[in-house]
Amino acid sequence: LGLQGDSGFRVRIDPLQDQAPTVYLQGVERQKAILPEETLEFEVLSEDDFGVKECGIEWRGELTGARGSSPAQGEMKLAAGGPETRRLSHNTPFSPAAIGIGPQKLTVRAYAEDYLPGRGRVYSEPVILYVLTRDEHAQMLKGKFDRLLGELEDLARRERNQFEENQRLERLEGAELQNDPNRARLKSQQEQENDNTHRMDELSKNMEQLFKDAARNKDIDKQTLKNMAAAQQSMKELAAQDMPKVEGKLSDSQDQRDTSEQAKQDV
C-alpha cells in the first residue's frame, strides 16, 4: 500500500532541583501587645514544589524588666501533609496563658518541612508579641491616649487658624472674593480643611482601636473607657459631618459661575 512509518523524535529530560518550601504566618500584626489570657487567631500557610511534610509554629521568649520567671521556649505541630501535598494551611488560636507563658517578649515563627533529606525546617518572618501584665498594658494605653490627645490639640490649633482666616475672608465684599488673589486664599483654605478632615478621620480610627484595646483590660476603670468612647464619637462626627461641610462651602465659594452675592453667602 506504500505506507511508511512516522519519523522518530527525541525526548530531552532536564532535572529540577527540589526547592525549599515557603511558609507564612498571616492574619496578625508583625508587632502586637497582648495580655497573657488573650487569644490571637492567625493562619499558617506553607507551599512546596513537590510536597509539604508538616507545618507548625515555634516560640522563644525574652524576659524584660525585673521578672522572676524563665523565658518561654516551645513549638506546636499544626498540620501534617504528604509527598504530593503542595499546599498546607492551618488556622490556629494562640493564647500565652493556655500554654503557661507569662509576661515577656515573645518571638513567634511558623515553620514548614518538606521531604528532602537533611534540609531541616524553613521559617517565616517572625511576629513579636509583647505579653504584658494588666498594669503594663494600662500604662501603654495611657501613653497612646496622651499622644492622641496631643495630636488632637495640634489639629485644633490648625482648625482655629483656619477659622480665623475664614472670618477675615467673610468680611470681604462679594466682588473682592472673586478676584484672583482671594480665590487663591479660598483654594488654600479648602485644601487645608481637606487635610484636616483626613487627619481627624485617622485620629478617630486610632481612638476607636485604643478604646477596643482598653476594653480588654478589666483593670481600666469604666470612667476612663467612657471618656475614650466620648472622644472617639466626637472625632468621628467632626470628620464625617462638620468638617466636610466647611470644605464643601469653601469649594462652592470658588465657583466662577456664581454671582458675587452667592460667593459671599457661601463664605
Distance alone, cut at 3.5 Å: any donor-acceptor contact between the side chains of [X] and [Y]?
X      : Y      : answer
Tyr111 : Glu54  : yes
Arg185 : Asn182 : yes
Gln233 : Glu237 : yes

For [X], does the [atom1] atom have more than 12 heavy-atom neighbours from other residues, nucleotides or ligands under 6.0 Å away?
X      : atom1 : answer
Gln26  : CD    : yes
Glu84  : CD    : no
Lys32  : NZ    : yes
Arg168 : CZ    : yes
Arg30  : CZ    : yes
Arg60  : CZ    : no
Glu41  : CD    : yes
Gln17  : CD    : no

For the residue pair [X] and [Y], what are the closest heavy atoms and their distance?
X      : Y      : answer
Val122 : Val23  : O-CG1, 3.5 Å
Ala138 : Asn217 : N-ND2, 3.7 Å
Ser95  : Thr39  : CB-OG1, 3.5 Å
His137 : Leu35  : CB-CD2, 3.6 Å
Ser46  : Cys55  : OG-CB, 3.7 Å
Pro96  : Pro36  : CD-O, 3.4 Å

To the closest 0.5 Å, what do you measure between [atom1] ([X]) and [atom2] ([Y])?
X      : Y      : atom1 : atom2 : answer
Met243 : Glu159 : CE    : CD    : 4.0 Å
Glu58  : Tyr123 : CD    : OH    : 3.5 Å
Met228 : Lys144 : CE    : NZ    : 10.5 Å
Asn161 : Gln192 : CG    : CD    : 9.0 Å
Met235 : Leu155 : CE    : CG    : 9.0 Å
Gln189 : Gln162 : CD    : CD    : 4.0 Å

Please evaluate residues Arg134 and Glu37 with respect to the criterion salt bridge (Lys or Arg N to Asp or Glu O under 4.0 Å), reporting the C-alpha separation (whole Å), side-chain torsions for both, the decisive distance (0.1 Å), and the verdict.
CA-CA 10 Å; Arg134 291 185 184 276; Glu37 63 273 16; 2.7 Å; yes
Following the transitive rule for hydrophobic clusters with a side-chain heavy-atom cut-off under 4.5 Å over Ile, Leu, Val, Met, Phe, Trp and Tyr, establish whether [X] and [Y] coincide in one cluster.
X      : Y      : answer
Met76  : Leu88  : no
Leu116 : Phe50  : no
Ile101 : Ile57  : yes
Leu225 : Leu152 : yes
Leu78  : Val52  : no

Measure the shortest side-chain to side-chain distance between [X] and [Y] over non-hydrogen atoms and say whether it is less than 4.5 angstrom.
X      : Y      : result
Thr197 : Met200 : no
Val44  : Tyr24  : no
Glu261 : Gln265 : no
Asp219 : Asp135 : no
Gln178 : Arg183 : yes
Arg216 : Lys212 : no
Lys105 : Ile128 : yes
Leu129 : Trp59  : no

Between Arg157 and Asp154, is the side-chain contact (heavy atoms from CB on, under 4.5 Å) condition met? List the steps.
CA-CA 5 Å; Arg157 283 191 292 271; Asp154 178 62; 3.8 Å; yes
From CA spacing to verdict: side-chain contact (heavy atoms from CB on, under 4.5 Å), Asp48, Thr85:
CA-CA 8 Å; Asp48 189 62; Thr85 304; over 6 Å; no
Lys142/Asp146 salt bridge by N-O under 4.0 Å criterion
yes
Sidechain-backbone polar pair: Asn227 side chain, Thr224 backbone, donor-acceptor under 3.5 Å
no
Derivation and outcome, salt bridge (Lys or Arg N to Asp or Glu O under 4.0 Å), residues Lys205 and Asp201:
CA-CA 6 Å; Lys205 291 176 180 176; Asp201 183 54; 3.4 Å; yes
Applying side-chain hydrogen bond (donor to acceptor under 3.5 Å, both in side chains) between Asp114 and each of Arg121, Arg119, Gln19, report the one that passes.
Arg119
If we check side-chain contact (heavy atoms from CB on, under 4.5 Å) with Ile34, which of these qualifies: Leu132, Asp213, Leu40, Leu106?
Leu40
